[in-house]
S.K.: 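I am attaching a structure below and will ask some questions about it afterwards.
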Amino acid sequence: MAQYVFTMNRVGKVVPPKRQILKDISLSFFPGAKIGLLGLNGAGKSTVLKIMAGLDREIEGEATPMPGIKIGYLAQEPQLDPGHSVREAVEEGVGEILSAKTRLDEVYAAYAEPDADFDKLAAEQEKLEKLLATADVASLEAQLEIAADALRLPPWDARIEKLSGGREAPRGPVPPAALEARHAAAR
Ligand SMILES: Nc1ncnc2c1ncn2[C@@H]1O[C@H](COP(=O)(O)OP(=O)(O)OP(=O)(O)O)[C@@H](O)[C@H]1O
Ligand SMILES: [Mg+2]
């Protein structure tokens, strides 16, 4: 049997006051598939994605990820710290990897300490190296650049509070032309 990365079985969602926005959704996703979800405004696309990300668990039916799988989720209206730069906002998403990298350097350095506990350090080193190996940390910088380009992000050092839509996020859909203009102005 195929190993699906995610399975939804008869998923439904009722929002207040008793409005059924999703009903009997049964879907299975193959590894490596790139899938777009289309629907009119308010059809329930974001709701499906929140259910798949595990953010919305108050549902009918079952939504089951493959055990051990890691799910990424980019919110339609992300909550960003206005004091951050674009780079810092993006780094929040890979914070675990970056702090593991910093900690691993500290562990390497700690071997040289006169009272170093080699067993303890070796155990921590192994754990951190394992985490970093799966994260493909060597290409992390390149991955961030590719993501920034694909998402048409402003320059890394731009402050979130200065970006249009940063503090007062526009409600409703932003026309693609407006995104382009913002991009061009920020570069
Ligand atoms: N927690 C909630 N309480 C009440 N209504 C909700 C809730 N969550 C979603 N809804 C409503 O359910 C419907 C589906 O919302 P959802 O955000 O999933 O739609 P969407 O397809 O992503 O829309 P858009 O294209 O505007 O992004 C909308 O009418 C929304 O107002
Ligand atoms: Mg949406």
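If you read the sequence from its start, that first residue is 1, and numbering goes on from there. Just follow the structure's listing: the first ligand is 1, and inside any ligand the first atom is 1.
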S.K.: May I ask you to determine how many protein N/O/S atoms are under 2.8 Å from the Mg ion (ligand 2)?
M.R.: 2

S.K.: Heavy atoms, side chains only, cut-off 4.5 Å: are Val11 and Val48 in contact?
M.R.: no

S.K.: Classify the contact between Val15 and ligand 1 as side chain, backbone, both or neither, using a heavy-atom distance cut-off of under 4.0 Å.
M.R.: side chain

S.K.: A side-chain contact here means heavy atoms from C-beta on lying under 4.5 Å apart; do Glu106 and Arg103 qualify?
M.R.: yes

S.K.: For atom 15 (O) of ligand 1, state which one of Thr47, Val48, Leu40 supplies the nearest heavy atom.
M.R.: Thr47

S.K.: Find all atoms of ligand 1 within a distance of less than 4.0 Å from any non-hydrogen atom belonging to Pro16, and give their numbers and elements.
M.R.: 3 (N), 4 (C)

S.K.: Just how far is it from atom CG of Asp149 to atom CG of Leu144, taken to the nearest 0.5 Å?
M.R.: 12.5 Å

S.K.: Taking the side chain as C-beta and beyond, is there a heavy-atom pair between Glu96 and Leu131 under 4.5 Å?
M.R.: yes

S.K.: Below 4.5 Å, heavy atoms only, C-beta onward: do Lys120 and Glu124 meet side chain to side chain?
M.R.: no

S.K.: With sequence neighbours excluded, tell me which residues meet side chain to side chain donor-acceptor pair (under 3.5 Å) with Asn9.
M.R.: none

S.K.: Distance under 4.0 Å to a non-hydrogen atom of Gln76: what atoms of ligand 1 satisfy this?
M.R.: 27 (O)

S.K.: Check for me whether Arg19 has a heavy atom closer than 4.0 Å to any atom of ligand 1.
M.R.: yes

S.K.: Which residue from Pro17, Gly39, Ser46 reaches closest to atom 17 (O) of ligand 1 through any of its heavy atoms?
M.R.: Ser46

S.K.: Within the structure, does Ala43 bring an N/O atom to less than 3.5 angstrom of an N/O atom in ligand 1?
M.R.: yes

S.K.: Are Ile35 and Leu22 connected, step by step, through hydrophobic side chains (Ile, Leu, Val, Met, Phe, Trp, Tyr) whose heavy atoms are closer than 4.5 Å?
M.R.: yes

S.K.: When only distance counts, is Ile21 in polar contact with ligand 1, meaning an N/O pair under 3.5 Å?
M.R.: no

S.K.: Assigning hydrophobic clusters by single linkage (Ile, Leu, Val, Met, Phe, Trp, Tyr; side-chain heavy-atom cutoff under 4.5 Å), is Val14 placed with Ile51?
M.R.: no

S.K.: Which residue pairs pass the ring pair (Phe, Tyr, Trp, His ring centres under 6.0 Å) test with at least one member in residues 87-117, sequence neighbours excluded?
M.R.: Tyr111-Phe118

S.K.: Got a sec, which pairs hit ring pair (Phe, Tyr, Trp, His ring centres under 6.0 Å) with one end in residues 51-87, sequence neighbours left out?
M.R.: none

